[in-house]
Peer 1: 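This is the structure I want to talk about, given as C-alpha cells.
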Amino acid sequence: MLQLSFIRENKELTIKGLKKKRFKNPQQVIDELLALDNKRRETQTERDGVLARSNAISKEIGGLMKAGKKEEAEALKTETSTLKIREKELTESLNNYEKSLTEILYQIPNLPHESVPEGATAEDNEVVYESALAKNLPQMSEGALPHWELIKKYDIIDFDLGIKISGAGFPVYKGKGARLQRALVNFFLDEAVKAGYIEIQPPIVVNEDSGYATGQLPDKEGQMYFVNADGLYLIPTAEVPITNLYRDVILKEEELPIKNVGFTPCFRREAGSWGAHVRGLNRLHQFDKVEIVQITKPQNSYQTHQLMCDYVASILDKLELPYRILRLSGGDISFNAALCYDFEVYSAAQQRWLEVSSVSNFETFQANRLKLRYKDENGKTQLLHTLNGSALALPRILAALLENNQTPEGIKLPKVIHQYAGFETI
RNA sequence: AGAGGGAUGGCAGAGCGGUUUAAUGCGGCGGUCUUGAAAACCGUUGACUGUAACAGGUCCGGGGGUUCGAAUCCCUCUCCCUCUGCCA
C-alpha cells in the first residue's frame with residue numbers, strides 16, 4: 001500500500017508511475033483520493049477540537065465535584081451533551097472517510113522503478129541477460145519427450161494417483177522422483193545458508209492479518225485455499241509467513257539487513273488460469289519452493305535486489321540450465337512490486353521458456369501494510385524495504401532438468417545434485 | 001474439549017471511576033566522576049495523527065456499551081497461562 005503522505009506530496013510523480021503500470025484513470029482516482037484526504041483531515045481537526053473541549057470540561061467537573069460545588073458541575077454537564085452529539089457525528093464521518101481512503105489505497109498498485117520499461121504485456125519485457133548456455137539452446141534429438149511423458153516412462157511422478165487422492169494439480173512423487181525433489185530442496189537450502197541467509201521453517205497456514213499485510217487479501221482471496229473452521233489460509237508462498245514475522249516490528253539499525261530463506265509447500269487455487277500451456281508440472285495446486293526474503297534500509301534495496309538476482313543466477317548456473325533474465329514491463333509487473341526480474345529456464349522438449357523465479361523489490365509497499373520500520377541514525381522511525389525471490393521453485397526446474405538431460409541411457413543429473421540425490425541417472 | 005485465571009510502555013510490574021500528563025524497577029541513551037572501565041549519582045527514554053513550528057487529538061489485546069469523565073464498570077471477540085481430558 002502506498003503512503004498517503006507520499007501521494008499528497010508527489011501527486012504528479014504518482015500519476016506518472018501509475019500510468020506506466022497501466023492503472024486505469026490514475027488522474028481521477030488520485031484526485032478523488034486527495035479530496036477525501038482533505039475532508040478527512042478537516043474532520044479530524046474539528047473532532048480533535050471538540051474532544052479537547054470535552055476533556056477540559058470533564059476535568060473541571062472533577063474539580064468542582066471534589067470541592068462540593070454540585071450545581072456548577074451540573075451546569076457544565078449540559079454543555080457536554082451538545083459536544084457529545086457533535087463528536088459522534090464527526091467520528092462517524094471520520095470513520096467513513098478512513099474506510100473509503102483505505103479501500104482506494106488497497107486498489108492502487110506500487111509505483112514502478114524508473115528502470116522498468118514501458119509496456120502493456122509480457123511481450124514488452126526486456127531481456128537483460130542470457131546465460132552462456134542460453135546462447136546456444138539445446139536441440140533435442142529425434143524422439144525427445146516432454147516431461148509429462150518422461151515421468152511416466154521412468155515412473156517418478158504420478159498425476160493419476162494425485163487425482164485419486166486429492167485432485168488435478170496434486171502430483172504424487174515416487175521413488176527417484178521423490179528423492180530428486182528432496183535433493184533439490186536440500187541443495188537450494190544449503191546454498192542459501194552458505195550465502196548468509198538464516199533458514200526459517202514457518203507455518204504453512206496463516207491468519208487473516210497476515211494475508212492483508214503481504215497483500216494477498218483482500219484482492220486475491222480466491223487464489224488461496226481457506227480452512228473455514230479455523231479462519232486460516234494455506235500459504236501461496238513462503239513469502240507470506242516469513243515476511244509476516246516482521247509485521248508490527250521496529251527493527252534496530254544493526255539488525256539489518258534481514259536475510260531469511262524458507263522451504264515450504266505452496267498452495268494455489270489457480271482459479272481460471274488453466275490452458276494449453278499448463279500441462280504436467282508447468283502449473284500445480286501444490287508445489288515446493290525455497291524462497292529468499294530480505295529486509296533492507298531504503299538506500300540499500302536496489303543493490304540488494306541485484307545481489308539476490310546474482311544469487312539466483314548462480315544456482316541456475318550450478319544446475320547447468322540455460323536461462324535468461326527479464327526485466328518486467330510496467331504492464332506485466334505485479335501489483336506489489338516496484339521492480340521485478342523474472343528468471344526463465346529453457347525447456348528443450350517443450351521449446352518454451354519456463355518462469356522459475358521472480359525476484360522483486362517492493363520498496364515500502366509491503367512494509368507500509370506490515371508496519372515494518374526501523375530507527376534511522378537520527379532516531380526517526382522509517383519504513384523499510386522488503387524484497388523476495390524464489391530460489392527456487394521446484395516443478396519447472398524439475399521439468400527442465402528431466403527434458404534437457406534426457407539421453408538414450410536415461411536422464412543424467414547435473415553434478416551438484418549427485419551427492420544430494422544419491423544417484424546420477426534416472 | 002471442559003473448568004478456572006489472565007492480557008498495561010523494550011522487559012518486569014503497580015494502578016481497579018476524576019492531579020495517570022500511566023507509579024516503580026530493569027534495560028537503552030546522554031552526562032558527572034575516572035588514565036579507561038565498573039560502581040555511584042544526575043538527566044533522558046513509546047507509537048500514530050496533526051502543525052510552518054507549537055498546540056491539540058488517539059492508543060493500557062481487538063470491537064462495542066455505560067458515564068460529564070474509563071486502564072479501571074458492563075457486553076463481545078481474540079490470544080495466553082494453570083488444572084483435567086485427548087494426542088504425534
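Quick note on labels: first sequence line is chain A, next is B, and so on, each numbered from 1. If you're wondering where the values come from, they're calculated on a predicted model, not measured in any experiment.
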Peer 1: Can we call the ring centroids of A/Tyr302 and A/His385 under 6.0 Å apart?
Peer 2: no
Peer 1: Can you check the distance between B/G2 and B/G9, where both ends of the measurement are the C1' atom (answer in whole Å)?
Peer 2: 36 Å
Peer 1: Between B/C77 and B/U24, how far apart are the P atoms? Round to whole Å, please.
Peer 2: 38 Å
Peer 1: Rounded to whole angstrom, note down the P distance from B/G18 over to B/G85.
Peer 2: 45 Å
Peer 1: For A/Lys220, is the NZ atom crowded, meaning more than 12 foreign heavy atoms sit under 6.0 Å from it?
Peer 2: yes
Peer 1: Answer with base, sugar-phosphate or nothing: what part of the nucleic acid does A/Thr45 contact at a heavy-atom distance below 4.0 Å?
Peer 2: nothing
Peer 1: Atom CG of A/Asp209 to atom P of B/G63: distance rounded to whole Å?
Peer 2: 12 Å
Peer 1: Counting only N and O atoms by type, is there a donor-acceptor contact under 3.5 Å from the side chain of A/Asn25 to the main-chain atoms of A/Val29?
Peer 2: no
Peer 1: Under the rule for salt bridge (charged side-chain N to carboxylate O under 4.0 Å, His left out), what residues qualify as partners of A/Lys297, not counting sequence neighbours?
Peer 2: A/Glu253
Peer 1: Searching all strands shown, indicate the nucleotide that pairs with B/G30 (Watson-Crick or G-U wobble; both distances under 3.5 Å).
Peer 2: B/C42
Peer 1: Measure from the side chain of A/Gln44, starting at C-beta and using heavy atoms only, and say which of B/G57, B/U51, B/U49 lies closest.
Peer 2: B/U49
Peer 1: Distance check, P atoms only: B/C87 and B/U72, in whole angstrom units.
Peer 2: 42 Å
Peer 1: Give me the distance, rounded to whole Å, that separates B/C42 from B/G36 when you measure between the P atoms they each carry.
Peer 2: 22 Å
Peer 1: Roughly how many Å is it from CD in A/Glu98 to P in B/G57, rounded to a whole number?
Peer 2: 17 Å
Peer 1: With heavy atoms under 4.0 Å as the rule, sort A/Ser58 into base, sugar-phosphate or nothing.
Peer 2: base
Peer 1: Under 3.5 Å for both donor-acceptor distances, Watson-Crick or wobble: does B/C68 have a partner, and if so which one?
Peer 2: B/G18
Peer 1: Determine the Euclidean distance between corresponding C1' atoms of B/C11 and B/G27; express it in Å to zero decimal places.
Peer 2: 7 Å
Peer 1: Tell me if the CD atom of A/Gln382 is crowded by more than 12 foreign heavy atoms within 6.0 Å.
Peer 2: yes
Peer 1: Starting at CG of A/Asn95 and ending at P of B/C59, how long is that distance when rounded to a whole Å?
Peer 2: 13 Å
Peer 1: Need the pair for B/C79. Rule: Watson-Crick or G-U wobble, both distances under 3.5 Å, any strand; none if unpaired.
Peer 2: B/G6
Peer 1: When the P atoms of B/G13 and B/U19 are compared, how many Å lie between them, rounded to an integer?
Peer 2: 25 Å
Peer 1: Can you find a donor-acceptor pair, distance only, under 3.5 Å between A/Asp48 side chain and B/G56 base?
Peer 2: yes
Peer 1: Heavy atoms under 4.0 Å, any strand shown: does A/Lys375 hit a base, just sugar-phosphate, or nothing?
Peer 2: sugar-phosphate
Peer 1: Looking at every strand, decide which applies to A/Arg373 at a 4.0 Å heavy-atom threshold: base, sugar-phosphate, or nothing.
Peer 2: sugar-phosphate
Peer 1: Which nucleotide, B/G69, B/G18, B/A47, lies nearest any side-chain atom of A/Ile61?
Peer 2: B/G18
Peer 1: Using the side-chain heavy atoms of A/Ile250, tell me which of these nucleotides is nearest: B/G18, B/G50, B/A47.
Peer 2: B/A47
Peer 1: If you find the nucleotide of RNA chain B closest to A/Asp37 and the one closest to A/Arg53, which residue's nucleotide is nearer the 5' end?
Peer 2: A/Asp37
Peer 1: If you take all heavy atoms of A/Leu339 and A/Tyr341, which pair is closest and at what distance?
Peer 2: CD1-CE1, 3.9 Å
Peer 1: Could you tell me how far B/G62 sits from B/A55 if I compare only their P atoms? Round to whole Å.
Peer 2: 26 Å
Peer 1: Answer with base, sugar-phosphate or nothing: what part of the nucleic acid does A/Leu51 contact at a heavy-atom distance below 4.0 Å?
Peer 2: sugar-phosphate
